[in-house]
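Note that ligands are numbered from 1 as they come in the structure, with each ligand's atoms numbered from 1 the same way. Just so you know, these numbers use all the heavy atoms, side chains as well, and skip hydrogens, waters and symmetry mates.
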Amino acid sequence: MQLRTIGGRSVSAIGLGGMPMSIEGRPDRERSIATIHAALDAGVTLIDTADAYHQFADEVGHNEELIAEALRTYGADTSGVLVATKGGHLRPGDGSWTKDGRPEYLKEAVKASAKRLGVDAIGLYQFHRPDPNVPYGDSVGAIRDLLDDGVIELAGISNANPDQIRQANDILGGRLASVQNQFSPRFRSSLPELELCAELGIAFLPWSPLGGISLARSGELGADFSAFQEVADAHGVSPFRVTLAWELALAPVVVPIPGASRPESITDSAQATELTLSADEVARLSAA
Ligand SMILES: NC(=O)c1ccc[n+]([C@@H]2O[C@H](COP(=O)([O-])OP(=O)(O)OC[C@H]3O[C@@H](n4cnc5c(N)ncnc54)[C@H](OP(=O)(O)O)[C@@H]3O)[C@@H](O)[C@H]2O)c1
């Protein structure tokens with residue numbers, strides 16, 4: 001497994017995204033645990049989650065609890081696994097997503113996440129999404145306080161534009177470890193943020209790196225983006241693997257976090273780190 005760095009910490013170049021195991025369409029608990037264990041078997045040492053990865057109002061932190069259980073029951077040392085969670089996004093239970101970026105809210109939410117994850121300090125805590133009702137600097141200021149107080153070990157942000165990335169990194173005194181934005185063959189408008197992270201040496205975690213749960217599960221990724229299917233055929237691998245290898249090739253700071261609810265999905269995705277694309281292939285996929 002190829003390794004990359006988040007805030008000075010070494011992690012697998014491909015992480016596991018936990019969301020499909022906890023929102024609508026999720027599998028049963030047993031299959032979720034098997035999926036997380038398959039990721040660990042494949043050498044994955046980064047797992048992305050959020051307190052908001054749940055379906056019903058009374059099960060906040062469903063995904064964090066699943067991950068904690070899977071790590072506990074793995075049967076081997078998991079101390080090298082970085083669990084990255086998030087706060088500031090909420091699910092009231094009607095299918096919608098709301099925001100709360102108030103410092104006092106974030107400081108309570110992080111405590112609840114740490115308790116569910118069973119840790120004293122959260123490995124990587126990411127401010128999930130800017131709240132238009134709260135100045136961005138106030139929300140990030142809370143994350144800085146959590147870092148200063150040792151409540152979290154690394155700080156990240158998500159769904160941020162270039163100005164917010166620079167502002168957050170300033171507020172954090174240059175300690176912004178990661179930016180998590182949507183990026184895939186079908187959603188490329190975060191390329192300026194990816195490039196800024198490469199320039200600043202900040203990890204960039206593409207979310208929905210395979211185009212999102214619906215597109216990925218439909219099996220249409222290769223049909224919608226034929227160049228990815230053609231390169232996949234040339235290498236005898238899945239278009240999912242090619243997509244992740246292409247993202248890895250864009251910059252050394254990129255660490256994709258493909259979601260999975262089946263062991264086979266993450267086992268296949270993790271092997272993207274062993275797939276080397278030629279410069280011509282990368283250019284072709286970037287232009288596709
Ligand atoms: N920060 C944010 O605002 C934000 C927003 C959305 C997502 N995220 C994070 O990003 C992660 C990834 O995004 P996502 O889950 O929305 O979408 P995604 O990674 O683009 O697609 C996930 C789906 O792809 C399928 N898949 C993955 N690898 C595969 C493979 N090798 N072969 C076949 N199918 C494969 C999985 O199917 P199966 O379910 O059948 O295994 C899974 O449901 C999330 O899990 C979450 O951690 C963050």
Side-chain angles (χ1 to χ4, degrees), residues 14-28 31-32 34-36 38-39 42 44 46-54 62-64 66-67 82-91 97-99 101 124-131 156-161 164 178-188 190 193 203-225 228-229 232 235 237-247 254-275:
I14 294 288
L16 169 68
M19 192 172 78
M21 292 179 275
S22 290
I23 65 165
E24 293 80 349
R26 66 192 181 191
D28 61 27
R31 196 173 101 194
S32 292
T35 300
I36 300 165
V44 169
L46 170 68
I47 304 180
D48 181 73
T49 181
D51 56 4
Y53 293 166
H54 63 95
H62 178 276
N63 197 247
E64 292 175 324
L66 261 183
I67 290 164
L82 178 63
V83 178
T85 192
K86 311 182 203 78
H89 223 351
L90 294 87
R91 299 209 79 195
W97 296 77
T98 58
K99 304 178 192 85
L124 170 61
Y125 196 67
Q126 307 154 101
F127 177 44
H128 206 146
R129 193 175 273 278
D131 178 349
I157 54 174
S158 183
N159 300 300
N161 64 33
Q164 290 164 334
S178 64
V179 173
Q180 182 176 142
N181 275 14
Q182 186 173 14
F183 186 81
S184 68
R186 83 163 175 189
F187 189 98
R188 304 190 195 202
S190 281
E193 288 87 2
F204 181 87
L205 280 49
W207 68 251
S208 292
L210 302 168
I213 298 172
S214 306
L215 177 67
R217 280 191 187 149
S218 73
E220 296 299 310
L221 177 70
D224 285 7
F225 299 93
F228 286 80
Q229 186 63 58
H235 286 272
V237 300
S238 71
F240 303 96
R241 235 190 268 189
V242 169
T243 300
L244 297 167
W246 165 68
E247 290 165 5
V254 174
V255 185
I257 45 167
S261 69
R262 291 176 300 122
E264 304 89 293
S265 299
I266 188 60
T267 302
D268 182 64
S269 293
Q271 292 176 64
T273 69
E274 312 311 320
L275 174 63

Of all residues at least two apart in sequence or in a different chain, which pass the salt bridge (Lys or Arg N to Asp or Glu O under 4.0 Å) check with Arg26? Glu59
Take the angle between the ring planes of His128 and Trp97 and call it parallel below 30°, perpendicular above 60°, tilted in between. perpendicular
List the residues meeting side chain to side chain donor-acceptor pair (under 3.5 Å) with Asp51, not counting sequence neighbours, and say none if there are none. none
Just verifying a value: how many Å separate Asp48 CG and Thr85 OG1, rounded to the nearest 0.5 Å? 7.5 Å
Sort out the contact shell of ligand 1: every protein residue with a heavy-atom distance below 4.0 Å, listed by chain and number. Gly17, Gly18, Met19, Pro20, Asp48, Tyr53, Lys86, His128, Ser158, Asn159, Gln180, Trp207, Ser208, Pro209, Leu210, Gly211, Gly212, Ile213, Ala216, Arg217, Phe240, Ile257, Pro258, Gly259, Ala260, Ser261, Arg262, Ser265, Asp268, Ser269
Got a sec, which residues hit side chain to side chain donor-acceptor pair (under 3.5 Å) with Asp131, two or more places apart in sequence or on another chain? none
Just by distance, with hydrogens left out, do Ser265 and Arg262 show a side-chain donor and acceptor under 3.5 Å apart? yes
